[in-house]
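Protein chains get the first letters and strands the later ones, always in sequence-line order, with residue 1 at the start of each. Note that the coordinates shown come from a computational prediction; the quantities given were computed from them, not determined experimentally.
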Amino acid sequence: MKGSDFIRAVANRYASQLQLCYPQTLASISLAKTIHSHMITFGFHPRGHLLNRLIDVYSKSSKIIYARHLFDQIPEPDIASRTSLLLAYSLSGDVKTAQKMFEETPLSIRDSVFYNAMITGYSRNEDGNSCIELFRQMLRDEFRPDDFTFTTVLGGLARVFNKVMQCKQLHGLVLKTGTGFFTSVLNALVSVYVNCGLMFEARKLFDEIDTKDELSWTTIVTGYVKNDELDAARELVDGMSEKLAVAWNAMISGYVHCNRYDEAVDMFRKMYFMGIKIDEFAYTSVISCCANAGLFYLGKQVHCYVLRTEAKPTLDFSLPVNNALITLYCKCDKVDWARRIFDNMPVRDIVSWNAILSGYVNAGRIDEGRVFFSKMPERNHLTWNVMISGLAQNGFGEEGLKLFNQMKSEGFRPCDYAFAGAISCCSMLGALENGRQLHAQLVRLGLDSSLSAGNALITMYARCGVVEASNLLFLTMPYLDSVSWNAMIAALGQHGHGIQALELFEQMLEAGISPDRITFLTILSACSHAGLVKESQYYFNLMGRLYGITPGEDHYARLVDVLCRAGKFLEANDVISSMPFEPGAAVWEALLAGCRTHGNVDLGIQAAEQLIELIPHHDGSYVLLSNMYATAGRWNDAANARKLMRDRGVRKEPGCSWVEVENKVHVFLVDDTVHPEVQAVYSYLNKLVPEMKRLGYVPDTKFVLHDIESDQKERVLSAHSEKLAVAFALMRLPRGATVRVFKNLRICGDCHNAFKFMSKVVGREIVVRDAKRFHHFRDSQCSCGDYW
DNA sequence: GTAGGGTTAG
């Protein structure tokens with residue numbers, strides 16, 4: 001054998017070995033390295049086709065550095081090696097370098113494949129306009145577009161909005177160039193029509209394809225799914241002779257996204273029994289289905305199946321499967337299970353981190369959430385949104401607003417969801433001015449038609465005491481969903497407009513929106529705040545009978561609440577005994593609140609004792625129990641209840657009230673000595689009280705629940721935090737402006753009485769939001785009708 | 001050496 005023949009034989013041998021590196025797997029990278037190092041060890045210098053092959057393998061394994069190293073050793077790289085490397089740069093997201101490479105390649109050695117590769121680069125980086133531009137340049141440079149060119153350009157076009165015109169033009173060109181005989185080109189055209197929402201055109205074209213391949217079928221099926229025409233998609237899938245897993249997977253995820261969970265699970269089961277291969281896509285969708293539908297046991301079963309199947313090695317490493325499992329366990333209150341999966345994952349991405357973060361936050365485990373947030377290697381919009389709204393939901397409004405600002409300063413432009421979170425923070429703080437500013441920013445950014453932000457604003461205005469603004473927003477929002485209706489009904493209810501709340505509910509039904517369990521919770525609350533006993537019973541029964549919603553403990557608790565507030569303890573008792581489960585904390589709490597209002601000491605003490613047994617760390621029950629004893633004059637028992645509380649290390653949440661004045665929040669505690677202007681507040685009150693007394697105000701010292709001398713009691717009364725905050729606001733707000741004060745606990749009975757007289761004396765409206773509801777004091781009346 | 005479908009976090 002001659003030397004040159006020998007070298008050719010070795011080269012062929014290497015070439016056939018390199019062929020084993022396709023298609024790309026983890027193993028093929030190390031195989032390529034082995035072959036390459038073999039060449040180096042034996043002093044073999046690859047050239048020409050073999051070198052291109054090596055560059056191509058490295059390029060495709062995202063080992064661009066190796067590929068580039070080899071490439072730089074070639075004095076005059078040919079078009080094939082340039083194409084491989086250019087594509088590698090594009091696919092790694094480095095379009096700039098790819099583009100540079102394209103421009104540096106002389107026109108004389110370019111070919112159509114080279115143009116196609118660059119177009120692919122733009123397409124993969126979602127730059128549809130550059131796809132078109134380069135396509136035009138290709139024509140100017142007098143290269144013939146082929147089937148690959150059209151497929152790629154159309155693929156790029158499918159990623160841009162507003163491309164109906166270009167699509168039609170390209171369709172024409174396809175017909176002119178004769179590339180319309182290629183199924184791949186027609187598939188790409190169908191895909192663009194699909195993405196324009198033109199399903200009629202898409203279907204017409206699909207029907208005209210003589211040689212439909214798998215992709216033709218999956219394109220049209222997924223097209224229907226994307227355009228929410230699930231039934232049309234299903235009809236095609238059922239009629240297909242070949243069972244394509246891709247089409248079935250698309251159906252499953254489509255059903256999940258439309259909340260059609262039964263059909264999703266059904267489809268998955270059929271897939272299994274028909275022997276269609278279940279891959280990571282199907283598993284991911286069905287697990288996500290279980291997460292959304294709360295199907296814990298089925299989800300766990302699928303998880304077990306994943307662990308047992310022969311595909312386990314690949315599924316174990318599958319990011320989407322693991323991420324879906326994290327969400328499944330988070331949504332089923334098993335955050336620690338989710339965490340274990342997270343900890344065992346060999347590779348994690350931002351989705352995994354966000355999933356756990358939202359798990360912690362939604363479970364109220366905000367401390368762990370904070371730690372997790374601070375440790376995240378990467379954050380995106382969702383990360384911030386989850387954290388901000390999580391802080392809002394867990395009572396950390398101030399921190400949430402700080403985070404919102406931090407988000408902006410770190411260069412993230414908040415979207416409507418972030419605004420919704422920040423607005424919720426304002427809701428809980430009662431930070432009306434701040435909330436108004438956020439509203440203004442939304443309008444400026446053109447985000448004010450957003451549903452999530454709008455719904456948050458409805459709640460914010462209501463929770464800040466301006467229910468009229470909520471109503472105005474509700475009436476002018478371009479789109480409403482059930483959350484909007486629920487928010488508005490709740491807003492009316494909190495402010496004591498029970499009848500209007502019920503009227504709105506009827507309008508909701510007329511608008512064709514189906515009520516959910518939240519709707520009925522807000523309805524029952526509204527009835528409670530307005531004392532609408534008959535109505536509450538009516539809607540409670542309606543919920544199950546007409547809408548098939550099984551009342552939960554929370555619904556029962558609210559019904560009990562309405563009855564107890566009306567003093568109907570016997571009926572409340574009947575409701576409790578009719579419950580299909582043991583009464584929990586919410587029910588006892590409702591009972592206790594009613595007993596407190598009506599001075600039903602015996603029953604109240606029973607309820608409080610049950611409550612203390614159920615949640616021994618909750619301060620309110622001890623305080624109420626102690627207060628009940630005190631009301632009955634049983635000071636020893638009262639003291640014992642407080643002692644029990646101390647012995648168990650339970651601290652009473654101190655009463656505090658706050659008010660926004662000149663865009664600053666002023667906080668007052670009981671007997672406050674901290675606020676810089678508190679002395680002025682006390683002397684203002686001392687001037688006001690005699691005037692109130694002239695109108696008939698008698699300080700009601702029974703609300704001072706310490707066993708002290710009665711002359712001191714009146715002084716303690718006037719130092720209540722809500723009185724201080726109201727007085728401060730009266731002093732500092734412009735003449736005639738409505739006072740809006742917030743309190744973390746329920747308003748004290750004497751303060752409630754005092755504010756009625758105060759509103760008359762100063763001729764202004766005083767609005768107080770306490771832990772339960774709103775009180776509008778106007779002209780010696782309160783909107784709650786002394787019913788709270 | 002170039003194309004195209006289905007998955008996960010609020």
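Mapping heavy-atom proximity under 4.0 Å, the span of DNA chain B touched by chain A runs 5' to 3' from B:dG1 to B:dG10.
Nucleic acid contact for A:S184: base, since at least one base atom lies under 4.0 Å from a heavy atom of the residue. No engagement by A:D78 is indicated, since no non-hydrogen atom pair under 4.0 Å with the nucleic acid exists. The residue A:H257 sits close only to the backbone: its heavy atoms come under 4.0 Å of sugar-phosphate atoms, none of a base. At the heavy-atom level, A:L87 lies under 4.0 Å from the strands shown only through sugar-phosphate atoms. Using a 4.0 Å heavy-atom cutoff across all strands shown, A:N292 reaches no nucleic acid atom at all. Looking at heavy-atom distances under 4.0 Å, A:R82 makes no contact with the nucleic acid at all. Here A:N380 lies in heavy-atom contact (under 4.0 Å) with a base. Within 4.0 Å (heavy atoms only), A:N385 reaches at least one base atom of the nucleic acid.
Checked against a 6.0 Å centroid threshold, the rings of A:F114 and A:F102 count as neighbours. For A:F206 and A:Y224, the distance between ring centers is not under 6.0 angstrom. For A:F150 and A:F182, the ring centers are positioned 6.0 Å apart or more.
Between A:F143 and A:Y115, the ring-plane angle classifies as tilted under the 30° and 60° cut-offs. Ring geometry for A:F419 against A:F404 counts as perpendicular: the plane angle is over 60°, on a 0 to 90° scale with 30° as the lower cut.
The existence of a salt bridge linking A:R144 and A:D111 is excluded, since no basic side-chain nitrogen approaches an acidic carboxylate oxygen closer than 4.0 Å.
Residue pairs meeting the side chain to side chain donor-acceptor pair (under 3.5 Å) criterion with at least one member in residues 381-390 of chain A, sequence neighbours excluded: A:N354-A:T383, A:N380-A:T383.
Looking only at atom types and distance, the side chain of A:D349 has a donor-acceptor partner in the side chain of A:N323 under 3.5 Å away.
Heavy-atom distances under 4.0 Å link DNA chain B to A:T120, A:R124 of residues 120-133 of chain A, given in residue order.
Judged purely by atom type and a 3.5 angstrom limit, A:N125 has no side-chain atom pairing as donor or acceptor with the backbone of A:D127.
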